[in-house]
Trainee: 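My questions all concern the structure below.
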Amino acid sequence: MFTRYPEPGAAKTRLIPALGAEGAAALQREMTAHTLNAAAHWAIGRPGCEVEIRFTGASADAMAELFGPGRRYRPQGGGDLGERLKRAFADAAGHDGVIAIGADCPGVDASVLEEAFAALEHSDAVIGPAADGGYYLIGLRRPAPALFEGIEWGTGSVLRQTKAACERLGLAVAWLEERADVDKPADLPVWEAARPRNGEGPSPWLSIVVPVLNEGPRLIETLAHIGASPGVEVIVADGGSADGSLGAARG
């Protein structure tokens with residue numbers, strides 16, 4: 001998963017006119033946590049599956065403080081998005097399938113990841129097209145560095161150029177449902193429809209209270225599992241943990 005540390009003024013800058021710098025950074029943090037929860041939920045019970053967070057804008061310690069310890073945090077490195085994607089897929093070589101997602105598409109959940117990995121069983125690549133002309137997900141059964149070369153990143157031509165590159169490289173592609181990213185003020189209703197309600201809207205039918213003391217790594221898996229059901233609220237009561245449990249709960 002590719003994301004950015006939610007620093008005010010540097011995160012979700014196109015949303016600053018609508019939300020302000022602090023609000024845009026808060027949205028970045030919320031969407032990152034939302035997508036990480038989906039990925040963690042998908043990975044439960046799948047031995048050998050790994051979720052790695054490729055980040056920019058901070059240190060691994062700073063990311064862990066926000067989103068919880070026990071995760072794999074790794075800097076994206078330099079270069080444009082194509083270079084960073086090539087590096088991520090190359091580093092993951094040896095796996096049967098690798099998928100890259102961002103934190104900008106709240107519609108990506110465990111079922112989308114399941115569909116994408118299933119597609120890689122019979123296709124060379126899988127792509128989730130975004131409504132803005134890019135893509136919210138791309139997966140490969142084997143690394144294909146040339147797929148990320150010559151692309152005009154950040155434009156509405158990314159999907160078209162990527163499709164042409166797949167055809168040029170002879171890659172069999174499986175296509176997922178088109179979904180919307182949240183990049184501009186006009187996209188905010190997409191997040192409002194998908195985000196956790198945090199006490200707004202219909203009342204939950206079940207409340208789960210989790211008392212913890214130094215449970216960091218196990219807490220991440222537990223919360224990903226029990227927090228994925230609709231109509232459920234989860235309350236973590238921390239007894240003074242010194243291992244980052246509170247950060248894991250906030251994440």
Side-chain angles (χ1 to χ4, degrees), residues 1-6 11-12 25-55 58-74 99-117 136-137 182 190-251:
M1 178 182 144
F2 278 60
T3 191
R4 166 181 285 278
Y5 183 80
K12 286 292 175 192
L27 180 64
Q28 175 75 35
R29 174 174 49 79
E30 290 173 10
M31 290 203 300
T32 297
H34 177 75
T35 308
L36 277 176
N37 182 64
H41 180 61
W42 173 83
I44 291 173
R46 291 179 169 85
C49 294
E50 297 179 88
V51 178
E52 182 176 88
I53 299 93
R54 293 264 172 160
F55 66 89
S59 66
D61 287 342
M63 291 291 292
E65 184 175 351
L66 272 187
F67 301 110
R71 303 184 190 270
R72 289 171 57 92
Y73 297 100
R74 191 165 182 174
I99 285 174
I101 58 175
D104 300 333
C105 183
V108 174
D109 57 17
S111 65
V112 172
L113 295 174
E114 179 66 21
E115 180 183 1
F117 275 102
Y136 61 86
L137 177 154
V182 178
V190 175
W191 172 241
E192 286 300 312
R195 72 180 179 88
R197 303 315 300 174
N198 293 329
E200 302 173 13
S203 298
W205 60 267
L206 178 66
S207 298
I208 301 175
V209 181
V210 185
V212 300
L213 181 62
N214 297 326
E215 302 284 357
R218 277 187 294 180
L219 182 60
I220 293 173
E221 182 175 340
T222 299
L223 294 181
H225 181 67
I226 65 176
S229 302
V232 174
E233 69 173 357
V234 181
I235 301 167
V236 176
D238 183 73
S241 296
D243 72 335
S245 289
L246 191 57
R250 285 173 172 156

Trainee: Report the distance from atom CZ of R4 to atom CE of M63, rounding to the nearest 0.5 Å.
Mentor: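 Answer for the CZ-CE pair, R4 versus M63, is 10.5 Å.
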
Trainee: Please find the pair of heavy atoms, one from V108 and one from A38, that lie closest to each other, and give the distance.
Mentor: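 Nearest heavy atoms, V108 then A38: O-CB, 3.7 Å.
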
Trainee: Please round to the nearest 0.5 Å and tell me the distance separating atom CG of L36 and atom OG1 of T3.
Mentor: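 One gets 7.5 Å once the value is rounded to the nearest 0.5 Å.
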
Trainee: Report, as yes or no, whether the 6.0 Å neighbourhood of atom CD on E52 holds more than 12 heavy atoms from other residues, nucleotides or ligands.
Mentor: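 Enclosed: over 12 neighbouring heavy atoms sit under 6.0 Å from CD of E52.
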
Trainee: If you look at every heavy atom in I99 and A116, which pair is closest and at what distance?
Mentor: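 What the structure gives for the nearest pair is CD1-CB, 3.3 Å.
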
Trainee: Does the pair V112 and I101 meet the rule for a side-chain contact (heavy atoms from CB on, under 4.5 Å), with working shown?
Mentor: CA-CA 11 Å; V112 172; I101 58 175; over 6 Å; no

Trainee: Looking at CD1 of I53 and CZ of F67, how far apart are the two atoms once the value is rounded to the nearest 0.5 Å?
Mentor: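 So the CD1 of I53 and the CZ of F67 are separated by 9.0 Å.
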
Trainee: I need the minimum non-hydrogen distance between Y73 and A60, along with the two atoms involved.
Mentor: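 So the minimum-distance heavy-atom pair works out to CB-CB, 4.0 Å.
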
Trainee: Any idea which heavy atoms bring Y5 and A11 closest together, and the distance?
Mentor: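 Taking every non-hydrogen atom into account, O-CB, 4.0 Å.
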
Trainee: What's the separation between atom CZ in R72 and atom CZ in R54, rounded to the nearest 0.5 Å?
Mentor: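 Answer for the CZ-CZ pair, R72 versus R54, is 8.5 Å.
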
Trainee: Can you pull out every side chain to side chain donor-acceptor pair (under 3.5 Å) where at least one residue sits in residues 101-116? Sequence neighbours excluded, please.
Mentor: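 Residue pairs with at least one partner in residues 101-116: K12-D104, W42-E114, R46-E114, D109-S111.
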
Trainee: Minimum heavy-atom separation for H41 to A110, with atom names?
Mentor: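 Here H41 and A110 meet closest at CD2-CB, 3.6 Å.
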
Trainee: Under 3.5 Å, which donor-acceptor pairs do the side chains of residues 237-251 form with other protein atoms, sequence neighbours left out?
Mentor:
residue: D238; atom: OD1; partner: S241; partner atom: OG; Å: 2.6
residue: D238; atom: OD2; partner: G240; partner atom: N; Å: 3.1
residue: D238; atom: OD2; partner: S241; partner atom: N; Å: 3.0
residue: S241; atom: OG; partner: N214; partner atom: N; Å: 2.7
residue: D243; atom: OD1; partner: S245; partner atom: N; Å: 3.1
residue: D243; atom: OD1; partner: S245; partner atom: OG; Å: 2.7
residue: D243; atom: OD2; partner: E215; partner atom: N; Å: 3.3
residue: D243; atom: OD2; partner: G216; partner atom: N; Å: 2.9
residue: S245; atom: OG; partner: E215; partner atom: N; Å: 2.8
residue: S245; atom: OG; partner: G216; partner atom: N; Å: 2.9

Trainee: In a check of side-chain contact (heavy atoms from CB on, under 4.5 Å) between V236 and each of T222, L223, V209, which one passes?
Mentor: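 For V236, the side-chain contact (heavy atoms from CB on, under 4.5 Å) check succeeds only for L223.
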
Trainee: Please report the interatomic distance CG(N37) to OG1(T32), rounded to the nearest 0.5 Å.
Mentor: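 Taking CG in N37 and OG1 in T32, the distance rounds to 12.5 Å.
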
Trainee: Taking atom CZ of R71 and atom CD1 of I220, what is their separation to the nearest 0.5 Å?
Mentor: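 Spacing of CZ (R71) from CD1 (I220) equals 4.5 Å.
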
